Amino acid sequence: MSPSTTTSASGETLRYALPDLVCFAHLHWDFVWQRPQHLLSRFAQHGRVFYVEEPFYHADDLIEPHMEVKERQNGVKVLVVHLPARLRGQDDAADQAQEEVLANYFREQHIEKYIFWYYTPMALGKSRSFQPVLTVYDCMDELAAFKFAPPALREREQELFKKAALVFTGGHTLYEAKSQQHDDAHPFPSSIDKVHFGQARQPQADPADQAGIAHPRVGFFGVVDERLDIELLRQLADAHPEWQFVIIGPVVKIDPAVLPRQQNVHYLGGKDYQELPSYLSGWDVATLLFADNESTKFISPTKTPEYLAAGRPVVSTPIRDVVRPYGELNLVQIAATADEFGKAIEKALTQAQDADWRQRTDDYLATISWDQTWEQMVRLMQQKLAPATSKPLTAALS
């Protein structure tokens, strides 16, 4: 592709030249706006981006394998291979069918020089026969520790380590683990769109489903799954009936019946990314109610800087990538038990008036952004591609 120019987060003029980018993901593009969407929508401002989701299985065998294409932000093409019911549970045959549909699509769209960007090693089954000019593994979570993880995931990850020229990780704790398995790993912790979440610092119209909830409001947004500490939420709601707990996010992989149902706990369901600042603006304290289990050992919650950018005081359980740097910098309060968590919320209810805390928070947030993360990733990718060209890439970011 022809080089394009853009202005970097630091004000530099950047020249960008990367091939088509094909991403393989386990997350639906339209599910929750998070790391893949932040990064790939930025890549799509400069070149073609194809986001390959998990296949869609029909309830019958009346269709043949085929491709569905959906256009999303900045022209990202979301690709979904449709498969007949007979291939469900037939992993090898399903992978082969997807590979054939992908190969046909590549030919039709003249996708000839391309980067493969993986979020899930399981996608190797449908992609290992292709010949990308560069393979990147953006490891945002320890997927093998998640509920219902495929048994073959760890083995596939080792295969992906061998193929990948670069490994990016979603946090420092994950980097410490993956850097032992790949010699070119780089930590890229969760970052922030400060302008978007900064809207919450100004008065916003309270959304209709939140407007009738009394204050003080203690909020959480994110996917409600096995990572949420349900018992902690239950104990807090029982101990503090004067607080209203607002939970925003889709419930997945767990039975909704196990969730606490006290009168002061309010489940508002999933919300669009664009709506989040209006909800945050109406909260008094934001929380990271994560359990201490295998699925949270390596997480680096994106919501930590998002809450802070919204101007909300934050209380978190002792997730390692929240303790450092946010807890160590005294930007986020860390609490391990329900009693400690309750006391931390009481303190946080007055923290928004603390000018020193606000200044220190903003000083830290000034050092991170998704633009900066994306630029640093592009630098590394262009450095890897430069030796493979007939002449050095003058389009490297500088």
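Here, residue 1 is the first one in the sequence, and each next residue gets the next number. Only this structure's heavy atoms are used, side chains among them; waters, hydrogens and symmetry mates stay out. Model, not experiment: these values are computed from the prediction.
One distance of note links CZ of R72 with OH of Y51; it measures 11.5 Å at 0.5 Å rounding. Atom CG of L18 sits about 8.5 Å away from atom CG of L134, to the nearest 0.5 Å. A distance of 4.5 Å separates CG of L288 from OG1 of T304, quoted to the nearest 0.5 Å. Atom OH of Y114 and atom OG1 of T135 lie 9.0 Å apart (nearest 0.5 Å). Interatomic distance, D292 CG to D229 CG, rounded to the nearest 0.5 Å: 8.5 Å. One finds the CG atom of L83 at 10.5 Å from the CD atom of E54 (value rounded to the nearest 0.5 Å).
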(message) Pair F24, L102 - check side chain to side chain contact (heavy atoms under 4.5 Å, CB included), show working.
(response) CA-CA 12 Å; F24 294 92; L102 280 169; 4.0 Å; yes
(message) Could you walk me through whether L385 and V133 satisfy the side chain to side chain contact (heavy atoms under 4.5 Å, CB included) test, starting with their C-alpha distance in whole Å, then the side-chain angles of each, then the deciding distance to 0.1 Å, before giving a yes or no?
(response) CA-CA 8 Å; L385 287 169; V133 296; 3.8 Å; yes
(request) Starting from the C-alpha separation in whole Å, work towards a yes-or-no answer on side chain to side chain contact (heavy atoms under 4.5 Å, CB included) for K303 and E306. (result) CA-CA 5 Å; K303 61 180 63 63; E306 290 172 345; 4.1 Å; yes
(request) Apply side chain to side chain donor-acceptor pair (under 3.5 Å) to the pair E99 and S129, showing each step before the final yes or no. (result) CA-CA 8 Å; E99 183 181 302; S129 67; 3.0 Å; yes
(message) Run D238 and R234 through salt bridge (Lys or Arg N to Asp or Glu O under 4.0 Å) and show every step you take.
(response) CA-CA 6 Å; D238 282 339; R234 190 188 318 277; over 6 Å; no
(request) Output, in order, the C-alpha distance, side-chain angles, deciding distance and verdict of salt bridge (Lys or Arg N to Asp or Glu O under 4.0 Å) for E64 and R86. (result) CA-CA 11 Å; E64 290 301 315; R86 66 177 180 273; 3.6 Å; yes
(request) Test E157 against K178 for salt bridge (Lys or Arg N to Asp or Glu O under 4.0 Å), laying out the working first. (result) CA-CA 10 Å; E157 185 176 64; K178 302 308 177 186; 3.0 Å; yes
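Inter-residue side-chain proximity for K163 and L124 is flagged as met; some heavy-atom pair is nearer than 4.5 Å. The side-chain heavy atoms of M381 and I115, taken from C-beta on, include a pair separated by under 4.5 Å. At least one side-chain heavy atom of L27 sits less than 4.5 Å from a side-chain heavy atom of Q34. Taking the side chain as every heavy atom from C-beta outward, R128 and R156 approach each other to under 4.5 Å. Between L21 and C23, the closest side-chain pair of non-hydrogen atoms falls below 4.5 Å. Contact annotation: the side chain of I345 approaches that of W243 to within less than 4.5 Å [non-hydrogen atoms, C-beta and beyond]. For the pair L268 and Q210, the minimum side-chain heavy-atom distance is below 4.5 Å. The side-chain heavy atoms of D206 and S278, taken from C-beta on, include no pair separated by under 4.5 Å.
Ionic pairing of R217 and D284 is not present here: no N-O contact between side-chain nitrogen and carboxylate oxygen is shorter than 4.0 angstrom. With respect to D371 and R42, a salt bridge is recorded, a charged nitrogen being found less than 4.0 Å from a carboxylate O.
Across all non-hydrogen atoms, the minimal contact from F220 to T287 is CD1-O, 3.4 Å. Contact between A352 and R358 at its shortest, heavy atoms only, is O-NH1, 3.0 Å. A pairwise comparison of heavy atoms in R201 and A309 identifies NE-O, 2.8 Å as the closest pair. The shortest heavy-atom contact between W370 and S191 is N-OG, 3.1 Å. The two atoms that bring E53 and K126 nearest to each other are O-NZ, 3.5 Å, heavy atoms only. The minimum heavy-atom distance linking V224 with G249 is given by the pair CG2-O, 4.0 Å.
Every pair passing ring-ring contact (aromatic ring centres under 6.0 Å, His included) that includes a residue from residues 266-286 is listed here, sequence neighbours excluded: W33-Y273, H38-Y273, H196-Y273, F197-Y273. For residues 308-359, the set of pairs meeting the ring-ring contact (aromatic ring centres under 6.0 Å, His included) definition, not counting sequence neighbours, comprises Y326-Y364. Sorted by first and then second residue, the ring-ring contact (aromatic ring centres under 6.0 Å, His included) pairs with a member in residues 56-92 read F56-H58, F56-H82, H58-H82, H66-H82; sequence neighbours excluded. For residues 308-322, the salt bridge (charged side-chain N to carboxylate O under 4.0 Å, His left out) pairs, not counting sequence neighbours, are E176-R320. The side-chain hydrogen bond (donor to acceptor under 3.5 Å, both in side chains) analysis of residues 336-349, with sequence neighbours excluded, yields the pairs D339-K343.
In this view, V101 and P65, M67, V81 satisfy the side-chain contact (heavy atoms from CB on, under 4.5 Å) rule, not counting sequence neighbours. The side-chain contact (heavy atoms from CB on, under 4.5 Å) search around P189 returns H172, S300, not counting sequence neighbours. Annotation: ring pair (Phe, Tyr, Trp, His ring centres under 6.0 Å) contacts of F188 (sequence neighbours excluded): F168. With sequence neighbours left out, the salt bridge (Lys or Arg N to Asp or Glu O under 4.0 Å) criterion links R261 to no other residue. For N293, the side-chain contact (heavy atoms from CB on, under 4.5 Å) test picks out A291, S295, T296, with sequence neighbours left out. Residues passing the side chain to side chain donor-acceptor pair (under 3.5 Å) test with E328, sequence neighbours excluded: none.
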Using distance only, find each side-chain donor-acceptor pair of residues 88-97 under 3.5 Å and give its atom names and separation, not counting sequence neighbours.
{"unit_1": "Q96", "atom_1": "NE2", "unit_2": "E100", "atom_2": "OE2", "d": "3.4"}

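Around the NE2 atom of H28, the shell of radius 6.0 Å holds no more than 12 heavy atoms that belong to other residues, nucleotides or ligands. Environment of NZ in K271: crowded, with over 12 heavy atoms of neighbouring residues, nucleotides or ligands closer than 6.0 Å. More than 12 heavy atoms of other residues, nucleotides or ligands sit less than 6.0 Å from atom CD of Q158. Within a 6.0 Å sphere centred on CG of D209, heavy atoms belonging to other residues, nucleotides or ligands number more than 12.
The backbone N or O of P203 lies less than 3.5 Å from no partner atom in the side chain of S281, so there is not a single donor-acceptor pair. At distances below 3.5 Å, at least one donor-acceptor pair connects side-chain atoms of Q204 with backbone N or O atoms of Q199.
Taking the six-membered ring for Trp and the full ring otherwise, F43 and W117 have centroids separated by under 6.0 Å.
Taking the six-membered ring where tryptophan is involved, the planes of Y118 and F116 are perpendicular, since the angle between them exceeds 60° and thus also 30°.
Side-chain polar atoms of H182 and D184 form no donor-acceptor pair below 3.5 angstrom. In the model, Q333 has no side-chain atom that pairs as donor or acceptor with a side-chain atom of S316 under 3.5 Å.
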